[in-house]
Every structure is written in C-alpha cells, then in structure tokens.
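Only this structure's heavy atoms are used, side chains among them; waters, hydrogens and symmetry mates stay out.
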Amino acid sequence: MKTTISVLILLVTLSVFSQQKSKMQPKPFSVNGKTVMVYTSADSTNLRLTNTDNLKFSVLKQPFETQTCVFVDPNKTFQTFLGIGGAITDASAEVFAKLPQNKQQELLTAYYSKDKGIGYSLIRTNIHSCDFSSDMYTYVVEGDADLKTFSIEHDKKFKIPLIKKATETAGGKLTLYASPWSPPAFMKDNNDMLKGGKLLPEFYQSWANYYVKFINSYQKEGIPVWGLTVQNEPMAKQTWESCIYTAEEERDFLKNYLGPTLSKAGLGDKKITVWDHNRDLITQRATTILDDPDANKYVWGVGFHWYETWTGGAPMYENVGAVKEMYPNKNLLFTEGCNEKFDANKYQLWKNGERYGKSMINDFNNGTVGWTDWNILLDEKGGPNHVGNFCFAPIHADTKTGELIYTPSYYFIGHFSKFIGKDAKRISSVTSRSQLISTSFLNQDGKVITIVMNQSNKKVTYNLCVGTNTTEISILPKAIQTLVY
C-alpha cells in the first residue's frame with residue numbers, strides 16, 4: 001500500500017513539474033496560417049504608413065544566390081525593448097499651447113495613441129532651461145546653494161500640462177526621464193550657464209540635491225520620473241546651456257555625490273544613464289565609468305546622440321555595439337537626435353526621414369533598448385530657441401494658421417514605434433544584399449515585427465525568409481516597410 005501511495009505521489013509531482021515546465025517554455029514561433037501585413041512609406045508617393053499588401057507564406061527550403069532575402073530567426077533573441085519617444089521641451093510645450101484645441105488633440109493623438117497614431121512611450125524633458133527654451137532660467141534664486149527657493153513654477157505653465165496630456169492620451173503611463181543642460185551659473189567656474197564651464201567642486205553636493213528636488217517636485221505633480229541622465233553632452237562647449245565633465249569627473253560626481261544622494265533620498269530606483277553624448281567617444285566614457293565598481297553600481301545604462309557626423313564622417317554605429325559587447329548587462333539608450341539647420345523649404349526632404357530609419361535599425365541591431373527623438377513639436381521657424389539654434393522636428397506647427405506639418409521623419413519613426421510593443425525581444429534579422437537593411441522584434445503577443453529599408457534608387461523584390469518559409473515582397477526605391485506576422 002505504501003509503495004502504491006509513493007508511486008502516486010511521484011506521478012503527481014512529475015505531472016505538476018511537467019505542466020510548470022510547459023508553462024515556462026513558450027511555444028516555438030511558427031508562421032503556419034499567418035498573414036504578412038505590409039505597411040509602406042515611400043518617397044515621391046502618397047504612401048505613408050499605408051497597408052500595401054497582405055501576403056501568405058510558402059515553402060522555400062534553400063534560397064539561391066540570385067534571390068535577395070531578409071532572414072528572420074525568432075529563436076535568436078537579444079535585448080528587451082523599452083520604448084520609443086521624443087522630448088517634451090519648453091519649446092514643444094510653448095508651441096503646443098498656441099495651437100487651437102482641435103489641433104492640440106490631433107498632435108496628442110498623432111504621437112501618443114497606439115491605434116490612431118504612432119504610439120510613443122518615452123518622454124525626455126529638460127531640467128530647467130536648455131537651448132529649446134524661450135528664455136534662460138533655473139528653479140532657484142541665483143546664489144541659493146541651499147536650494148531654499150527651489151520651485152518648478154515655471155514648468156507648470158506649459159511643460160507640465162503637456163506632459164500630463166500626453167500621458168493621458170497614452171493610456172496613463174509613459175516612461176519619462178530628465179536631463180540637465182547646465183547647473184545654475186553660480187555653481188560653475190565660468191559663472192555662466194552658457195558656453196561650457198565646469199561644476200565647481202564646492203557645489204557638487206548642492207547640485208546632486210537639485211536632482212532630488214526636481215524628481216520630488218515632478219512626482220508631487222503626479223508625473224513619475226523613471227530616470228535621468230547625469231549631463232546632456234558633457235564634452236560640448238555650446239553657445240547655449242552646457243557643462244563640461246571629463247570621464248573621470250562624471251564618474252566621481254556620480255559615485256561620490258549623485259548616486260549616494262539619490263539613494264539616501266529614497267530614489268535609488270531611478271535609472272541613471274551616463275554619457276548622453278555622441279557615439280564617437282562612447283567607449284572611452286563607458287570604460288572609465290563602468291570599470292569603477294563604485295560608479296558602476298549606480299549606472300542603468302549609457303546614452304548617446306547621433307551628431308558625431310558634424311566632423312564630416314559617417315555615423316559610428318559600431319561603437320554602440322562595442323559598448324554592448326563589453327558590458328552586456330548595461331543598457332544602451334538613444335537619448336537625442338534631430339535634423340539640424342532648419343529650412344522651411346525642406347519640410348518634406350525625404351533624406352531627413354531616411355536618417356531616422358537608418359539610425360534606428362543600426363542602433364537597435366547594436367543593442368539599443370530605447371530610442372528618443374529630440375523636440376516633438378517646433379514652430380514654423382524651427383524654434384523657439386533662445387540662442388538661434390533652429391532645427392527640424394517630426395511635426396511642425398504654423399502658429400499663424402494653426403496647421404500641423406508632418407515631415408517624413410514622423411512616418412519613419414512610426415514604422416518602429418507603432419508596431420514594436422514594450423518588452424518585445426529583438427530577434428535575428430539579416431539581409432543578403434546591402435541595398436536593404438533590417439531589424440526585427442518579437443512582441444509579447446507572439447507577433448513578429450520586421451522593419452526593412454531600401455537604401456537604393458531602384459525597386460527591390462525580396463524574400464522574407466523564416467525558417468523554410470518565405471513570402472515575396474516588393475519595396476519601392478528609398479522606401480521603408482514594416483512587416484507584421
């Protein structure tokens with residue numbers, strides 16, 4: 001009898017374990033019975049995130065060298081997707097406030113609705129003024145090192161209301177992080193918020209306290225702050241708000257002041273991103289900070305911009321991959337990019353959009369978890385900007401007519417943000433010809449999202465290959481496609 005009971009217990013245990021194991025192991029991805037929905041945006045056409053095809057898979061066991069292919073393997077997974085979004089700066093918020101109410105709602109829907117818009121899920125915002133502010137300001141009276149006068153009253157007029165409306169449109173939750181462009185002038189060795197300068201050592205603690213005040217003030221307004229970057233562009237002496245940190249200075253400020261101060265204030269869960277500058281020096285900054293265990297423990301990830309091309313060279317995508325290879329447990333976050341030198345005659349310049357598509361595909365393929373555009377909205381002059389650094393945004397507003405102008409960049413970003421879901425896994429996506437570039441993600445709902453971009457001036461017919469299954473797709477010259485299956 002005892003033997004029979006023991007056998008029964010063993011069988012039940014094995015059955016429960018088997019069921020748990022089957023629940024833990026998701027079913028292998030299969031294209032059986034699936035349709036490929038194709039969405040296209042193409043130059044010199046009216047196609048903008050347009051559903052251009054619904055295709056079925058057939059068998060292709062061995063492609064030939066004469067066939068152009070995009071090979072996707074959902075079983076090879078990489079980083080987990082955080083989100084895509086843009087910056088809500090003072091400039092964006094001030095322009096938004098000038099729009100008629102119906103156009104305000106149109107803009108909110110265009111960015112933050114997943115169904116009717118492109119589903120932004122990230123927000124970056126500035127800690128007091130940056131170049132894309134109408135004026136220069138801080139949250140304290142000049143000279144107040146104790147921060148007794150700290151107040152975010154300035155942000156309550158335009159910026160905070162827009163962040164709240166964006167969050168509401170997105171369904172109540174967005175991932176927001178903040179970046180400072182410069183400490184107050186009295187804390188710096190040049191006594192100026194502009195033109196570089198450095199944070200004086202005697203104000204390290206006061207400046208660290210400033211971040212705490214900012215986070216607590218925003219959260220008191222009902223705006224959760226997910227994280228922050230230590231300093232926007234810490235190696236650039238700009239005509240606007242800027243502050244220089246060498247790699248060692250950023251490391252030491254983080255490990256001795258900012259990290260411990262956030263922890264003591266109960267804000268140790270906030271995600272700290274270092275560097276927040278171009279891809280060119282990213283490896284030097286990463287190794288200096290992350291090879292120090294006392295600094296490393298405070299770092300969630302490494303942020304980067306795309307402006308290394310100011311020297312005339314090409315984007316250094318491989319530098320992002322080098323950081324991921326060296327520090328696989330740290331995250332990579334694209335924190336800013338825009339098309340510079342605003343010119344209203346170039347609103348519909350297609351290559352401005354292509355710059356986004358190429359960067360996003362390469363950055364994701366090199367391990368990036370999230371991608372943040374610069375201003376979500378600017379006016380018909382590419383501002384406001386208090387130092388004349390006028391730039392493009394994906395959407396501009398003509399404040400004289402109240403009309404919104406959608407540029408190609410909006411649609412290129414949308415080919416990613418509308419379809420890739422939070423916590424999706426990037427999967428293997430490889431092209432057989434250099435005319436095409438591609439990245440792919442496996443969403444939590446089991447759907448694969450493949451983005452393909454045609455860099456050539458010719459129409460290309462290619463095979464989307466998943467295992468031994470394929471479907472043939474045509475992509476127009478200079479077009480971008482999202483495939484959902």
Side chains of Asn454 and Ser456 only: does a donor on one sit below 3.5 Å from an acceptor on the other?
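Per modelled atom types, Asn454 and Ser456 side chains form a pair under 3.5 Å.
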Please test Tyr347 against Thr407 for side chain to side chain contact (heavy atoms under 4.5 Å, CB included), starting from the C-alpha separation and ending with a verdict.
CA-CA 6 Å; Tyr347 273 136; Thr407 74; 4.3 Å; yes
Report yes if some heavy atom in the side chain of Leu99 is under 4.5 Å from a heavy atom in the side chain of Leu377; otherwise report no.
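Side-chain contact under 4.5 Å: yes.
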Please give me the minimum heavy-atom distance between Ser113 and Lys116, naming the atom from each residue.
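Nearest pair, atom of Ser113 first, then Lys116: OG-N, 3.0 Å.
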Name every donor-acceptor pair, under 3.5 Å, that has one atom in a side chain of residues 164-171 and the other anywhere in the protein, sequence neighbours excluded.
| unit_1 | atom_1 | unit_2 | atom_2 | d |
| --- | --- | --- | --- | --- |
| Lys164 | NZ | Glu221 | O | 3.1 |
| Thr167 | OG1 | Ile163 | O | 2.8 |
| Thr169 | OG1 | Lys165 | O | 2.8 |

Using the benzene-type ring in the case of Trp, are the ring centres of Trp350 and Phe412 under 6.0 Å apart?
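Under 6.0 Å, so yes.
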Establish, from distance only, whether the side-chain atoms of Asn365 and Thr439 form a donor-acceptor pair under 3.5 Å.
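Judged by distance alone, the side chains do pair up.
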Could you check whether any side-chain N or O of Asp379 sits under 3.5 Å from a backbone N or O of Lys381, counting only pairs where one atom can act as donor and the other as acceptor?
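Confirmed, Asp379 side chain pairs with Lys381 backbone.
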Hydrogens and angles aside, do Asp90 and Tyr137 bring a side-chain donor and acceptor to less than 3.5 Å of each other?
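Side chains of Asp90 and Tyr137: pair found under 3.5 Å.
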With a 4.5 Å heavy-atom cut-off, do Tyr177 and Thr273 have their side chains touching?
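No. Closest side-chain heavy atoms not under 4.5 Å.
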Check whether the side chains of Lys330 and Asn296 place a donor and an acceptor atom closer than 3.5 Å, and report yes or no.
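Checked: Lys330/Asn296 side chains pair up, N/O donor to acceptor below 3.5 Å.
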Checking ring pair (Phe, Tyr, Trp, His ring centres under 6.0 Å) against Phe392, which of Tyr406, Trp374, Tyr356, Phe342 comes through?
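Among the candidates, only Phe342 passes.
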Less than 4.5 Å apart, side chain to side chain, heavy atoms only: is that true for Asn366 and Leu332?
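A side-chain contact under 4.5 Å is absent here.
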Lys157: what forms a side chain to side chain donor-acceptor pair (under 3.5 Å) with it, not counting sequence neighbours?
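Lys157 satisfies side chain to side chain donor-acceptor pair (under 3.5 Å) with no residue once adjacent residues are dropped.
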Glu250: salt bridge (charged side-chain N to carboxylate O under 4.0 Å, His left out) partners, not counting sequence neighbours:
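Testing Glu250 for salt bridge (charged side-chain N to carboxylate O under 4.0 Å, His left out), a comparison that skips the adjacent residues, returns Arg285.
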Output yes when a side-chain donor or acceptor of Thr283 lies under 3.5 Å from a complementary backbone atom of Val323, and no otherwise.
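No, the answer is negative, given that no donor and acceptor are paired below the 3.5 Å cut-off.
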Quick check: does any side chain N or O of Thr470 sit under 3.5 Å from a backbone N or O of Leu464, one acting as donor and the other as acceptor?
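Flag set: sc Thr470 to bb Leu464 pair under 3.5 Å.
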If we ignore hydrogens and angles and just use 3.5 Å, is the side chain of Thr311 paired with the main-chain N or O of Thr309 as donor and acceptor?
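Flag not set: sc Thr311 to bb Thr309 has no pair under 3.5 Å.
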N/O donor-acceptor pair under 3.5 Å between Tyr410 side chain and Ile405 backbone:
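No: the side chain of Tyr410 does not pair with the backbone of Ile405.
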Return the set of residues passing side chain to side chain donor-acceptor pair (under 3.5 Å) with Thr399 (not counting sequence neighbours), or none when no residue passes.
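Side chain to side chain donor-acceptor pair (under 3.5 Å) list for Thr399, sorted by chain: Glu380.
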For Asp276, what residues pass the salt bridge (charged side-chain N to carboxylate O under 4.0 Å, His left out) criterion, not counting sequence neighbours?
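If we apply the salt bridge (charged side-chain N to carboxylate O under 4.0 Å, His left out) test to Asp276, skipping adjacent residues, the hits are Arg124.
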Exam field: side chain Asn51 to backbone Asp53, donor-acceptor pair closer than 3.5 Å
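Yes, because the side chain of Asn51 sits within donor-acceptor range (under 3.5 Å) of the backbone of Asp53.
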Whether the side chain of Asp445 engages the backbone of Lys447 through a donor-acceptor N/O pair (distance < 3.5 Å, no angle test) should be reported.
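Judged by distance alone, yes, a pair lies under 3.5 Å.
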Side chains of His415 and Thr482, donor plus acceptor under 3.5 Å
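Short answer, yes.
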Heavy-atom count check: over 12 atoms from other residues, nucleotides or ligands less than 6.0 Å from Glu325 CD?
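Open: at most 12 neighbouring heavy atoms sit under 6.0 Å from CD of Glu325.
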For Ser474, which residues count as a side chain to side chain donor-acceptor pair (under 3.5 Å) partner, sequence neighbours excluded?
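Counting only residues at least two positions away or on another chain, Ser474 forms a side chain to side chain donor-acceptor pair (under 3.5 Å) with Thr461.
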NZ/Lys358: more than 12 non-hydrogen atoms of other groups inside 6.0 Å:
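Open: at most 12 neighbouring heavy atoms sit under 6.0 Å from NZ of Lys358.
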Quick one, Val72 with Ile427, criterion side chain to side chain contact (heavy atoms under 4.5 Å, CB included). Give me CA distance, side-chain angles, the key distance, then yes/no.
CA-CA 7 Å; Val72 177; Ile427 58 178; 3.7 Å; yes
With a 4.5 Å cut-off on side-chain heavy atoms, are Thr335 and Phe304 touching?
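Side chain of Phe304 against side chain of Thr335, heavy atoms only: no contact under 4.5 Å found.
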Tell me whether Thr372 contacts the main-chain N or O of Phe334 through its side chain, where contact means a donor paired with an acceptor under 3.5 Å.
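A pair under 3.5 Å: yes.
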OG on Ser182 to CG on Asn190, rounded to 0.5 Å
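Atom-to-atom, Asn190:CG and Ser182:OG are 7.5 Å apart.
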Any heavy-atom pair between the side chains of Lys34 and Phe29 that's under 4.5 Å?
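The answer is yes, as the side chains (C-beta and beyond) meet within the 4.5 Å cut-off.
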Donor-acceptor under 3.5 Å (Thr229 side chain, Val274 main chain):
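Absent.
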Can you list everything that forms a salt bridge (charged side-chain N to carboxylate O under 4.0 Å, His left out) with Glu94? Sequence neighbours excluded, please.
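Glu94: no salt bridge (charged side-chain N to carboxylate O under 4.0 Å, His left out) contacts found.
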Taking the side chain as everything from C-beta on, heavy atoms only, tell me whether Leu122 gets closer than 4.5 Å to Asp373.
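They are not in side-chain contact.
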Donor-acceptor pair, Trp306 side chain versus Cys338 backbone, under 3.5 Å?
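Yes; judged by distance alone, with no hydrogens or angles, the pair exists.
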Test: ring pair (Phe, Tyr, Trp, His ring centres under 6.0 Å). Region: residues 456-485. Which pairs qualify, not counting sequence neighbours?
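For residues 456-485, and leaving out neighbouring residues, the ring pair (Phe, Tyr, Trp, His ring centres under 6.0 Å) pairs sorted by first residue read Phe57-Tyr485.
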Output the distance between atom CG (Asn232) and atom NE2 (His305), rounded to the nearest 0.5 Å.
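Between Asn232 CG and His305 NE2, I get 5.0 Å after rounding to 0.5 Å.
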Restricting to pairs with a member in residues 83-105, which pass ring pair (Phe, Tyr, Trp, His ring centres under 6.0 Å), not counting sequence neighbours?
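Passing the test, one end in residues 83-105: no pairs.
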I would like to know whether Lys425 and Thr80 meet side-chain hydrogen bond (donor to acceptor under 3.5 Å, both in side chains); could you show each step before the answer?
CA-CA 5 Å; Lys425 285 283 188 183; Thr80 302; 2.8 Å; yes
Please examine the side chains of Tyr111 and Ile395, heavy atoms only from C-beta on, and report whether any two atoms are closer than 4.5 Å.
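Yes, close enough: below the 4.5 Å cut-off.
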Measuring only between side-chain heavy atoms, which start at C-beta, is Asn443 closer than 4.5 Å to Ile420?
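Side chain of Asn443 against side chain of Ile420, heavy atoms only: contact under 4.5 Å found.
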Presence of salt bridge, Lys103 and Glu106, under 4.0 angstrom:
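Yes, this pair counts.
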Listed partners of His386 passing ring pair (Phe, Tyr, Trp, His ring centres under 6.0 Å), at least two apart
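None.
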If you measure only the distance, is there a donor-acceptor pair under 3.5 Å linking the side chains of Thr431 and Ser438?
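Looking only at side-chain atoms, Ser438 and Thr431 do not form any donor-acceptor pair under 3.5 Å.
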Search all heavy atoms of Thr45 against all heavy atoms of Arg48 and return the closest pair with its distance.
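Nearest pair, atom of Thr45 first, then Arg48: O-NH1, 3.2 Å.
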Is there a donor in the side chain of Thr89 and an acceptor in the side chain of Asn375, or the other way round, less than 3.5 Å apart?
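On atom types as modelled, these side chains qualify, holding a pair under 3.5 Å.
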Inspect the surroundings of CG in Asn54 and state if more than 12 heavy atoms from other residues, nucleotides or ligands are less than 6.0 Å away.
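Yes.
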Criterion side chain to side chain contact (heavy atoms under 4.5 Å, CB included) on Met453 and Leu436, from CA distance to verdict:
CA-CA 6 Å; Met453 189 172 154; Leu436 303 183; over 6 Å; no
Any residue meeting salt bridge (charged side-chain N to carboxylate O under 4.0 Å, His left out) with Asp155, in chain and number order, not counting sequence neighbours:
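By the salt bridge (charged side-chain N to carboxylate O under 4.0 Å, His left out) rule, Asp155 matches Lys159.
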Side-chain donor-acceptor contact under 3.5 Å, Trp371 with Asp363:
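Yes, side-chain donor-acceptor contact under 3.5 Å.
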Side chain to side chain contact (heavy atoms under 4.5 Å, CB included), that's the test. Do Phe441 and Phe416 meet it? Break it down for me.
CA-CA 10 Å; Phe441 287 82; Phe416 301 79; 5.7 Å; no
Glu340: which residues meet the side chain to side chain donor-acceptor pair (under 3.5 Å) condition with it, sequence neighbours left out?
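Side chain to side chain donor-acceptor pair (under 3.5 Å) check on Glu340 returns Arg355.
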